[in-house]
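Counting starts at 1 for both ligands and their atoms, in listed order. Everything quoted here is computed from the prediction, not taken from an experiment.
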Amino acid sequence: MAQFTRVSGSVGLISLKNPPVNALSAVVRQGIVDTVQRALSDPKVKSVVICGQNGIFCGGADIKEFGTAMSGPPLVPMIHAIEAAEKPVVAAIEGLALGGGLELALGCHYRIAHSKARLGLPEVSLGLLPAAGGTQRLPRLIGVPAALDLITTGRHVTAAEALKLGIVDQVTDHNTVDAAVKFALSVREHSLNARRISNNLCPPPSDLDALFEGAMQKVRQTARGAVAPVACVQAVRAAATMPYTQGMEREKELMATLFTSGQARALQYCFFAQRAVGRWSMPSGARWDTSKPRPIHKAAVIGLGTMGRGITVALAQTGLSVVAVETQEKQLMEAKQAVSGMLKRGAKRRGVAPVLDLVSYNCNLQAVADADLVIEAVFEDMDLKKKVFQQLSAVCKPGTLLCTNTSALDIDHLASQTPNPELVVGMHFFAPAHVMKLLEVVYGSRSSPQVVATAMQLGKKMGKVSVAVGNCRGFVGNRMLKPYMEHAFFLLEDGATPELVDQALEEFGFAMGVFRMSDLSGLDVGWRVRKEDGLAHPGMALGQAARVRQGRRYSPLADLLCEQDRFGQKTGMGWYQYDKPGGRVSRPDPWLHSFLEEYRARHGLVARRIDHQEVLERCLYTMINEGFRILEDGIAAGPEDIDMIYVFGYGWPRHRGGPMFYAGMVGLERVLERLEHYHQAHPDVPYLQPCNLLRRLVASGSPPIHRWREVIKKVRSQL
Ligand SMILES: CC(C)(COP(=O)(O)OP(=O)(O)OC[C@H]1O[C@@H](n2cnc3c(N)ncnc32)[C@H](O)[C@@H]1OP(=O)(O)O)[C@@H](O)C(=O)NCCC(=O)NCCSC(=O)/C=C/CCCCCCCCCCCCC(=O)O
């Protein structure tokens with residue numbers, strides 16, 4: 001709703017009230033329409049201030065309403081009426097003015113912001129564009145280049161930047177509403193014509209065509225198939241080339257195509273899913289709102305390889321004091337230099353002082369004795385990790401949380417090495433750990449809810465999207481990666497090339513195709529795991545049973561490359577070739593193509609034409625099938641958990657919502673039918689066998705994703 005009061009004799013104060021962010025719901029819009037009308041018709045009111053309650057101006061349109069039938073007064077005429085008012089209207093911007101909130105402010109004649117406020121038009125990240133006049137008013141106010149930047153990236157700006165750009169007229173460190181009221185009193189007699197942004201022309205850029213071509217090229221390169229950034233450029237172009245009324249028509253037309261698109265639905269799903277994963281639960285019934293995190297003042301990191309260094313940086317940047325431990329002096333000094341460099345660069349980027357003093361370095365494990373939480377990040381080797389856990393149990397003060405950064409190992413087994421398994425939890429970071437947004441918090445069968453809550457809260461403080469998952473081989477992310485990668489290998493056997501598979505996946509929107517990703521992370525990582533599992537050892541790939549292991553289809557292709565030291569980028573060759581070891585730019589490798597031909601000939605395989613659809617179906621549907629198994633097993637509480645893990649940790653295109661959301665978009669019947677088809681063709685690949693939960697969802701009429709949990713619950717209760 002919106003409240004009206006008269007203050008300082010002649011200022012009508014309209015206050016938006018819709019906690020937590022004063023989103024412009026139907027009720028709020030109606031409230032604004034009513035109160036503006038009241039202010040304009042009251043002869044005692046000479047000027048108007050619009051503000052938001054609880055220190056927040058407005059977080060924009062109510063995203064929850066997007067999926068429902070529109071009701072209440074529409075935003076565009078509401079903002080036009082404000083702009084057309086004959087009394088000066090001033091926006092008092094505290095906290096946030098985002099999306100429709102900023103568009104409302106742009107319809108006002110003046111804008112006063114608090115110095116701590118943030119402003120932006122983030123609609124693009126919801127698959128939309130600022131369709132309440134934002135694409136037409138902002139370029140007229142601040143010029144095309146700056147408007148293109150804000151609208152196509154959706155980035156928020158500080159009040160200081162907003163002042164510099166010309167979005168706001170004044171910034172205050174004091175009470176914003178008081179400042180706005182004072183300002184409103186001072187301008188009550190002023191002429192408003194020049195203050196109505198829609199009356200003005202866009203400042204003409206020097207070379208319009210080149211500017212928009214450049215902008216279009218940039219968004220196409222970075223958007224990975226997302227359509228909203230492209231529509232944003234088109235809408236701003238309309239502002240630069242058309243009269244306001246026509247520009248508004250174009251804005252509306254472009255918005256109409258986006259509004260009902262699958263991409264907008266996917267991105268809005270991601271917005272809510274990202275928040276939903278914070279409301280975690282465990283199969284025991286423990287939950288986020290009943291489990292209190294423990295205070296952490298001092299943390300420790302054991303093992304300062306790539307992961308340990310990134311974790312140290314991420315922890316220190318939250319303001320925690322960190323003890324970083326590496327057993328060898330030389331490695332410790334190298335790590336110190338690397339961590340200090342990362343902290344300095346990070347601080348420079350964020351315009352703050354580096355927190356070098358928060359990190360102390362030590363070769364002696366005894367130094368962690370008074371830490372509240374220890375993250376072990378030594379080499380991925382169970383025996384080594386067990387030893388570290390035993391030592392930590394002897395050294396740490398009672399009650400210290402013991403966390404392991406493992407990507408697949410058994411948390412329960414590690415916990416059993418300590419006298420207090422309830423204090424053990426997995427914290428699976430993604431490289432580089434100070435940059436990547438995902439954290440899998442892995443609870444074991446005995447992890448206490450309080451420990452899970454602490455790890456989740458720490459993840460949040462580090463700026464991560466933390467997802468609580470159960471303990472199984474590979475947890476969620478890597479467990480689903482296995483069938484995905486395995487299928488990519490099978491596709492090579494069947495006739496594809498790494499380039500073809502990667503192209504299909506990159507056109508789908510993945511940041512990187514599976515083979516390019518494998519070259520980046522190193523083929524030796526998976527090889528070591530397969531050797532430990534008894535699936536690979538030298539010579540095995542050549543024998544009679546080369547393509548069958550443990551009773552199922554197996555592709556030894558990756559093992560054969562490893563046997564030739566083709567570990568990917570680090571050795572300058574893998575699925576692709578590179579200029580030099582450590583090179584980043586991949587090129588197709590003729591050697592690899594001949595190798596594949598010889599391999600197929602040796603095994604009597606006849607290459608056939610594989611198209612992009614087959615690549616996507618086989619790679620993605622097996623991955624999705626495994627996702628359903630994960631839900632069935634209770635390893636993830638809901639599909640949102642899986643989707644956020646893939647969006648934030650594995651380069652899944654956000655505008656496709658995550659693998660489980662994508663399955664719903666494709667249609668669960670279709671996914672089931674294709675899995676059945678491929679399983680019939682490849683009965684020796686168990687991953688292709690559609691899982692029970694998928695069948696049950698289809699049998700239940702393929703409910704929308706927000707209703708899957710009901711079916712999941714039933715399936716789990718029958719296990
Ligand atoms: C920065 C934030 C605002 C706050 O962040 P933080 O403090 O960390 O808190 P959160 O946990 O994120 O949020 C707290 C809770 O608030 C909920 N929330 C936040 N913002 C919104 C919102 N805008 N709407 C609804 N709910 C919101 C959030 O979910 C949390 O709830 P819960 O605790 O999880 O329950 C941060 O939240 C943030 O970034 N928010 C999003 C800001 C944003 O993106 N704003 C822009 C919204 S889109 C917009 O404004 C669009 C405007 C133009 C609309 C024009 C309409 C014209 C329609 C034309 C249609 C033509 C089509 C015709 C088709 C046809 O023909 O049929």
Side-chain angles (χ1 to χ4, degrees), residues 16 18-29 32 52 54-80 93-107 116-138 150-151 153-158 228 231-232 235 248-265 267-280 288-289 437 456-457 460-461 463-466 638 640 644 654 706:
L16 314 186
N18 184 15
V21 299
N22 298 324
L24 296 164
S25 64
V27 175
V28 173
R29 295 197 306 275
I32 297 174
N54 304 319
I56 289 181
F57 181 68
C58 176
D62 187 338
I63 305 167
K64 286 193 282 297
E65 282 185 358
F66 287 161
T68 62
M70 283 289 191
S71 65
L75 263 183
V76 171
M78 180 190 98
I79 295 174
H80 273 147
I93 301 172
E94 289 177 304
L96 296 165
L98 297 178
L102 179 54
E103 291 177 289
L104 168 64
L106 292 175
K116 294 223 168 85
R118 282 184 296 138
L119 300 87
L121 293 175
E123 286 87 341
V124 69
S125 54
L126 297 168
L128 303 174
L129 51 77
T135 67
Q136 302 307 300
R137 285 198 182 88
L138 193 64
L150 293 198
I151 293 173
T153 61
R155 75 181 178 90
H156 300 180
V157 294
T158 59
C232 286
M248 283 301 287
E249 279 303 309
R250 182 77 178 127
E251 181 189 90
K252 187 174 167 189
E253 201 179 278
L254 288 163
M255 177 67 155
T257 58
L258 296 178
F259 200 67
T260 49
S261 73
Q263 292 198 2
R265 257 184 290 159
L267 287 160
Q268 287 155 31
Y269 162 80
C270 283
F271 176 82
F272 289 113
Q274 187 176 337
R275 281 146 186 88
V277 298
R279 297 189 281 269
W280 55 272
W288 64 283
D289 52 351
K437 288 272 284 180
M456 289 293 284
Q457 192 194 52
K460 194 170 178 189
K461 280 194 184 150
K464 314 246 173 250
V465 174
S466 311
E640 298 85 356
M644 292 305 96
R654 194 175 164 95
H706 64 270

Is a salt bridge present between K252 and E249, judged by a nitrogen-to-oxygen distance below 4.0 Å? no
What pairs with H706 under ring pair (Phe, Tyr, Trp, His ring centres under 6.0 Å), at least two apart in sequence or on another chain? none
Backbone of V465 reached by a side-chain donor or acceptor of Q274 within 3.5 Å: no
Restricting to side chain to side chain contact (heavy atoms under 4.5 Å, CB included), what partner residues turn up for A231, sequence neighbours left out? L129, Q234, L254, L258
Using the side-chain contact (heavy atoms from CB on, under 4.5 Å) definition, which of the options V157, L121, V124, L119 pairs with L150? V157
If the condition is side chain to side chain contact (heavy atoms under 4.5 Å, CB included), which residues does A273 pass it with, not counting sequence neighbours? Y269, E640, M644
Enumerate the pairs of nitrogen or oxygen atoms, one from ligand 1 and one from the protein, separated by less than 3.5 angstrom; state names and distance to 0.1 Å.
residue  : atom   : partner : partner atom : Å
ligand 1 : 12 (O) : R275    : NE           : 2.6
ligand 1 : 12 (O) : R275    : NH2          : 3.1
ligand 1 : 23 (N) : G59     : O            : 3.3
ligand 1 : 23 (N) : A61     : O            : 2.9
ligand 1 : 24 (N) : A61     : O            : 3.4
ligand 1 : 24 (N) : I63     : N            : 2.9
ligand 1 : 34 (O) : R279    : NH1          : 3.1
ligand 1 : 45 (N) : G59     : O            : 2.9
ligand 1 : 50 (O) : A61     : N            : 2.8
ligand 1 : 50 (O) : G100    : N            : 2.8

